[in-house]
*Asks:* 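Handing you a structure now.
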Amino acid sequence: MAARVAGVSYVGPDFDPPQPRRPRRGPLTVALAALVPGALLGWVVYEAVGGSGSSGSGSTTAGPRTSAASPSTAEPWSAPATDDGKQKSPSPSHTSRASTADGPLKGKVVVIDPGHNPGNFSHAAEINRQVDIGTNKKECDTTGTSTNAGYTEARFSLDVAHRLRTILEQQGATVKLTHDGDSPPWGPCVDERARIGNTAHADAAISIHADGSAEGDRGFHVILPASVHAGAADTRPIVGPSRDLGERVAGNFLRVTGEPPSNYVGKGTGLVTRQDLGGLNLSTVPKVFIECGNMRDSKDAALLTSGAWRQKAAQGISEGIVSFLRES
Ligand SMILES: [Zn+2]
């Protein structure tokens, strides 16, 4: 997204205030608690505590046991016997990857929308034409932004989309991209991007972007659809599930990448609600945008131009999507 966010609108209840500190929470968990409200909080805390392999008082997973009454064993991963005498399946890892390795997304459809298109730069007339987004008319598409050194948002978003597709397909999902940078050699227009998700009956759709704000503006944010009902736009059925999807993507993106929530929009939550995006207004399936960072900030640009970091970004996004789809 090249434009600064003007007139950010919040709908629905305000976010819960940060939860009070609990004795065993480390700094990461506290940071997540501040970011992630409501139902997701418990899930993230479970992930954070379970992932440590210790001190999780409520943990039911196999792993190192700290009770003095436990049978003596030197094997940290030995599975405890259950009441019926059978061994629980040993858990090779306490991370979410372990439980999702056998294709939990089979039958699920995910539409990935790489923001902009590298070809937009040479198709100004096509992308400048106005399209109807329900609430008003808007350009078909824009070129997007770039780093000061010229790495474009369109290349970034397409690269993250490819990485995300690979991860989701490995988990059994059917993945469709709104474009692959080639055919057509520009766009598609924002209304068509929404329609592709609708026609595919996507269980979740996500549009990948990086922002173009001022130096010093840092961090990621996830954009949620506002409730709009005008013309062809009616987001009322998707506002709730899209928020759920967005909260899970934000929490997992933060956890995996370490990228902080935006310091210039979203009041530190990493979540922003907007009613001016055709790709959200015209969606009939749960959909969010993610602005992974600010391409015009030198610190964020160093991350966004790193292939290793983009892999983390795709991983974090994928884990948010997996979390959402496993609950839906
Ligand atoms: Zn963009």
Side-chain angles (χ1 to χ4, degrees), residues 1-9 110-147 150-162 164-165 175-202 204-213 221-226 228-235 238 242 272-292 294-296:
M1 192 95 19
R4 290 294 300 270
V5 177
V8 173
S9 62
V110 179
V111 166
I112 303 172
D113 178 38
H116 317 282
N117 184 321
N120 284 0
F121 289 93
S122 50
H123 291 84
E126 290 90 339
I127 68 169
N128 283 337
R129 76 178 176 84
Q130 300 280 300
V131 297
D132 189 344
I133 66 165
T135 49
N136 57 291
K137 294 200 170 186
K138 207 168 176 182
E139 296 81 15
C140 154
D141 201 4
T142 64
T143 60
T145 187
S146 72
T147 66
Y151 179 65
T152 64
E153 180 189 358
R155 282 177 59 199
F156 168 83
S157 63
L158 197 54
D159 180 79
V160 172
H162 287 154
L164 178 59
R165 175 175 62 185
V175 179
K176 185 174 179 61
L177 266 56
T178 57
H179 76 89
D180 205 355
D182 48 5
S183 180
W186 52 271
C189 298
V190 293
D191 56 338
E192 179 63 15
R193 290 171 186 261
R195 263 196 296 278
I196 290 169
N198 300 346
T199 304
H201 301 288
I206 186 157
S207 192
I208 312 286
H209 291 258
D211 213 352
S213 192
H221 64 279
V222 172
I223 304 173
L224 314 174
V228 297
H229 183 210
D234 185 0
T235 60
I238 67 156
S242 297
V272 171
T273 300
R274 288 177 62 172
Q275 57 186 4
D276 62 328
L277 298 175
L280 294 180
N281 285 3
L282 298 174
S283 183
T284 58
V285 299
K287 184 173 181 181
V288 297
F289 281 40
I290 182 167
E291 299 278 3
C292 295
N294 174 21
M295 301 200 94
R296 295 291 181 178

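Atom set for the values below is all heavy atoms of this structure, side chains included, hydrogens, waters and symmetry mates excluded. Sequential numbering from 1 along the given sequence is applied to the chain's residues.
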*Asks:* Do Pro188 and Asp141 have side-chain heavy atoms sitting under 4.5 Å apart?
*Replies:* no
*Asks:* Among Arg193, Lys176, His209, exactly one meets side chain to side chain donor-acceptor pair (under 3.5 Å) together with Asp113. Which residue is that?
*Replies:* Arg193
*Asks:* Does some side-chain heavy atom of Leu224 sit less than 4.5 Å from a side-chain heavy atom of Ser242?
*Replies:* no
*Asks:* Between His116 and Thr142, does the side chain to side chain donor-acceptor pair (under 3.5 Å) criterion hold? Intermediate values first, please.
*Replies:* CA-CA 6 Å; His116 317 282; Thr142 64; 3.1 Å; yes
*Asks:* Quick one: does Lys138's side chain have a donor or acceptor within less than 3.5 Å of a partner on Asp276's backbone?
*Replies:* yes
*Asks:* Out of curiosity, Ile223 CD1 to Ile206 CD1, how far, rounded to the nearest 0.5 Å?
*Replies:* 10.5 Å
*Asks:* Quick one: does Asp211's side chain get under 4.5 Å of His221's, heavy atoms only?
*Replies:* yes
*Asks:* Could I get the full list of salt bridge (charged side-chain N to carboxylate O under 4.0 Å, His left out) partners for Asp234, not counting sequence neighbours?
*Replies:* Arg236
*Asks:* Is a side-chain donor or acceptor of Thr143 paired with a backbone partner of Asn120 at a separation under 3.5 angstrom?
*Replies:* no
*Asks:* Sub-3.5 Å donor-acceptor pair from the side chain of Arg274 to the main-chain atoms of Ala226, do we have one?
*Replies:* no
*Asks:* Does Asn117 use its side chain to pair, donor to acceptor, with the backbone of Gly119 at less than 3.5 Å?
*Replies:* yes
*Asks:* Would you say that Lys287 contacts Pro225 through its side chain, given a criterion of any heavy-atom pair below 4.5 Å between the two side chains?
*Replies:* no
*Asks:* Taking Asn128 for the side chain and Ala124 for the main chain, is one N or O donor matched with an acceptor at less than 3.5 Å?
*Replies:* yes
*Asks:* How long is the straight-line distance from CG of Leu280 back to CZ of Phe289, given to the nearest 0.5 Å?
*Replies:* 4.5 Å
*Asks:* Do Asn198 and Thr284 pass the side chain to side chain donor-acceptor pair (under 3.5 Å) test, and can you show the C-alpha distance, the side-chain angles, and the key distance before you say yes or no?
*Replies:* CA-CA 6 Å; Asn198 300 346; Thr284 58; 3.0 Å; yes
*Asks:* Given 3.5 Å as the limit, does a donor-acceptor pair link the side chain of Thr152 with the main chain of Ser146, or not?
*Replies:* no
*Asks:* Between Asn281 and Ala233, is there a donor-acceptor pair closer than 3.5 Å when you use the side chain of the first and the backbone of the second?
*Replies:* no
*Asks:* Test your reading of the model: is there a side-chain donor-acceptor pair from Ser157 to the backbone of Ala154, 3.5 Å cut-off?
*Replies:* yes
*Asks:* Working to the nearest 0.5 angstrom, can you tell me the gap between Ile208 CD1 and His162 NE2?
*Replies:* 11.5 Å
*Asks:* Can you sort out the partners of Arg195 under salt bridge (charged side-chain N to carboxylate O under 4.0 Å, His left out), two or more places apart, ordered by chain and number?
*Replies:* Asp191, Glu192
